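Okay, so here's the structure we're looking at.
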Amino acid sequence: MYTKAVYVAVDLLAIASMILIMPNIRHMRRDYYSWLWRTLLAGVIAISANICIAVSPNETFAEISYCLYFSSIDWLLFFLTGFCISYTEYETWLRRLSKIAAVIMAADTVSIFANPFLKNHFYIIETKDALGTVFYQTGFNRMYYLHLEIDYLAVATAFLFIIIAIMKTYSLYRVKYVMILSVLLLVVVLNFIYMRFQLLLDASVVFYAVAGTLIYFSIRSFVPRTLLISSTGRAVDDMNEGLLLFDISSSCIYANAFARNRFGIDPASYDFSCEPIRTVTEELKERGETFGEADYVTLGRAGGKFSENHYRIKYNCLADKKGRPVGSYFLIEDTTETTYYLKELKEARENADNANRAKSTFLANMSHEIRTPLNSVLGMNEMIMRSTDDPQIIEYAENIQASSDILLRLINDILDFSKIEAKKMDMVPVEYSPHDLLTECYDYFEHSASSKDLYLKISCSDNMPTRLLGDVQHIRQIFSNLISNAVKYTREGGVTVNAICENTSGAAVRLKVSVTDTGIGIDPGDIDYLFDAFKRVNEKQNATIQGTGLGLAIARDLVELMHGAITVESAPGQGSTFTVIIPQNVADPTPAGPYVRKHRDTGKKHRESFTAEGAHILIVDDVALNIKVAKALLRNTKITMDDALGGNEAIEKCRNTRYDLILLDHRMPSPDGIETFRAIRAEGANMETPAVMLTANVLKGVEEEYMKMGFCDYLAKPIKSEMLEQCLIRHLPAEKVHLTE
Ligand code: ADP
């Protein structure tokens, strides 16, 4: 009794496991699923019949249960074999065999169920175990052996297909076939044991359940072979890259659609000597590489036109698990679009560079060409002012000077802006006195402010160091832009400039300068665009006020280049305050004390700052008017002045006459200023005479270049008479120079 209970319990567990698996196999391919699902169903019926056998109350019940059991085993094996054939992908065989097998199984089932009448398969033997429990066993007749043979044949067929699959399959998949094979073997062995030893109950059927479970898990864990092969094949065929596979003897074993279509490759007749493989492998060989990448270009036809097709071909080795070469592959990437795109990009960049170069050259030329006549205008105008006392004429001349100054500022602004844009603006720190800087600003704008009846007030904190270190030229430019705007955009009231020094401890300070006016002010909405280049705000109101919209943009850029900040506070109709904060190094920390503006000589009449009797200089320029200007500016200095209209004349003059100083123009028809300078330095009486470059070329870096070449100084045109005088004082022999003040 106890044995039967254990037996029934195990059977029930087997049924439960099969029923649990049945819904889970639904995700499998349809044909696998239907075979396996039916196998499990037959298994459930067989085990249920087995339970009935164990609990049979009488012989007849036992006999019918046995009929059900034997026939369901038939179908179970039929379905299992069907699954094995289907799973090993022998579809044609499955189609051929399954119908015949189904007929045989059906016939066998019918003959088994005839057993209660014909006793053709088995008869029931009633036995008792030691405890007296009744068991119904079977004795076998001839037909049963036929039934058994049919079953063994089914199992053998399943074996056959599984073994073939194991032999043919790639190792990864072999495992799952081996698992199925072991399951089949187990079932057969157990069945054999049951038959051979005439066991009271047949336990082998339980293993059908185990078989189902194992098969299910083996299938879940391993990707079906066909799926992988067909999907990779498809995916590789669909790829937008070419793939060519070669075996170890360099014959083509595979070419995907891309490779076949683009290069007309037929794997059957394709080898290493065919294009483009030959070109690529040869190129790699030339480079001394076995594998690698190379570019390949072919001529194709697109839209009736011939066009180049570019490819990048990667050649690499195929190796087995142990790293032994088994072949090679080529990956072909179409780079036509990228190549054309890069080419276009390169061309666009070259064009942009050329345009930029053209712009720079244009700016340099324009600046040069405008500065040269302006030099004459300003020089001659200066001479008019020096040579007359007639207030009317002086007023005219002053107007000419004011307009020329505006023109000059305009050229400088445009040049500065393009220099900043091209990141060619360098900061050159020099020592300077903040008090002097403020005074210079005052002197420069005092006249324009007073001519509009505006006040110009300057104040400075007492703790301002005596000398700072910074790019004073650009700081002056920033302040000038702000003060000039304040004066420009103010109708009544005036302008206040206040300088303070923050953070005075240590070697660095922050110079904070605010420029406050009582002018028209700026709309809050315009403040955001104020520092944009070429942007003028409130254009209607400012239509009559001259400007380019560059001043603030340059000021902002310069402040940023100095790592400072510029801010603005303004209210329409009430005025504006621009504040600039610039970090500066301290050269002399002694506080400069209260700011007192030094009175400078504001008399309009010019007086030379020195005389240099006995000094002998040579002025070289290809424009006679420029020579005239320079000579006029120095007329009262008592210097003896020679001139040369061009390089050749200068070289000639320098051969025998020894000069104290040579003023040399740069841009002259051959030889230019530099060639002339070199020729003068090479031989003759002036091999050591200091030479000053006088030029309208004010682009970045020229000053250093001139210095490197050996010039002692550099003066930008239009020449300011003070600058020229200062330069001469510096470079003429000291014993010949007599300062007039
Ligand atoms: P612009 O050459 O036109 O003066 P800026 O770049 O110096 O160019 O200034 C840009 C604009 O900002 C000016 O057109 C003007 O409308 C406005 N602006 C600048 N400073 C002031 C100011 N102090 N008061 C009122 N408006 C100003």
Side-chain angles (χ1 to χ4, degrees), residues 363 367 370 402-421 425 438 441-442 444-459 473-499 512-562 564-582:
L363 279 172
S367 145
I370 298 175
S403 300
S404 305
D405 276 348
I406 291 171
L407 188 59
L408 191 61
R409 189 128 31 96
L410 200 78
I411 303 166
N412 285 343
D413 272 0
I414 295 173
L415 268 180
D416 278 349
F417 183 70
S418 57
K419 269 194 221 171
I420 293 170
E421 229 190 4
M425 181 70 94
L438 292 171
C441 290
Y442 179 87
Y444 197 78
F445 290 103
E446 194 273 330
H447 180 65
S448 49
S450 59
S451 65
K452 284 178 82 180
D453 279 336
L454 301 176
Y455 61 79
L456 177 59
K457 287 185 202 158
I458 305 241
S459 61
Q473 202 187 325
H474 287 126
I475 296 174
R476 189 185 295 118
Q477 192 178 353
I478 298 165
F479 296 165
S480 299
N481 278 345
L482 299 181
I483 302 169
S484 129
N485 277 350
V487 174
K488 252 195 316 190
Y489 298 106
T490 304
R491 288 194 201 104
E492 49 192 44
V495 178
T496 312
V497 178
N498 181 36
K512 182 174 174 182
V513 177
S514 54
V515 179
T516 307
D517 63 59
T518 55
I520 57 171
I522 302 155
D523 267 354
D526 287 336
I527 286 188
D528 287 346
Y529 314 105
L530 210 58
F531 296 98
D532 288 356
F534 302 108
K535 180 87 186 167
R536 303 197 70 205
V537 300
N538 202 358
E539 297 233 32
K540 228 180 186 177
Q541 207 177 346
N542 297 340
T544 53
I545 304 175
Q546 252 182 351
T548 52
L550 272 180
L552 286 182
I554 293 172
R556 195 256 333 257
D557 289 344
L558 288 176
V559 168
E560 280 177 2
L561 281 172
M562 292 180 201
I566 183 165
T567 53
V568 58
E569 279 170 47
S570 183
Q574 289 175 29
S576 321
T577 299
F578 285 81
T579 308
V580 172
I581 299 177
I582 310 170

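We count ligands from 1, going down the list as the structure has it; atoms in each ligand are counted the same way. The model shown is predicted, which means the values in this text are computed figures rather than measured ones. Side-chain atoms are counted along with the backbone in the values below, which use heavy atoms only and exclude waters and symmetry mates.
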Seminar exercise, completed: Checking heavy atoms under 4.0 Å, the part of Phe578 that sits near ligand 1 is side chain
For this session: Please identify each residue that fulfils side chain to side chain donor-acceptor pair (under 3.5 Å) with Asp557, with sequence neighbours left out.
Result: none
Exercise. Taking both backbone and side-chain atoms of Leu552, is any N or O found less than 3.5 Å from an N or O belonging to ligand 1?
Worked result: yes
Just which atoms of ligand 1 are under 4.0 Å from any heavy atom in [X]?
X      : value
Leu550 : 6 (O), 8 (O)
Leu530 : 12 (O), 17 (C)
Lys488 : 1 (P), 2 (O), 4 (O)
Gly521 : 25 (C)

Exercise. Is it true that atom CD of Glu560 has more than 12 heavy atoms of other residues, nucleotides or ligands lying nearer than 6.0 Å?
Worked result: yes
Problem set entry | Of all pairs that satisfy side-chain hydrogen bond (donor to acceptor under 3.5 Å, both in side chains), the ones with a partner from residues 566-576, not counting sequence neighbours | Ser570-Ser576
Problem set entry | Inter-residue atom distance Ile478.CD1 - Leu558.CG, 0.5 Å rounding | 5.0 Å
Exercise. Which of the listed options, Asp526, Asp517, Ile554, Leu410, holds the heavy atom that is closest to atom 23 (N) of ligand 1?
Worked result: Asp517
Exercise. Would you say the side-chain atoms of Thr518 pair up with the backbone N or O of Glu492, donor to acceptor, closer than 3.5 Å?
Worked result: yes
Exercise. So, does Asp517 use its side chain to make a donor-acceptor pair with the main chain of Thr490 at under 3.5 Å?
Worked result: no
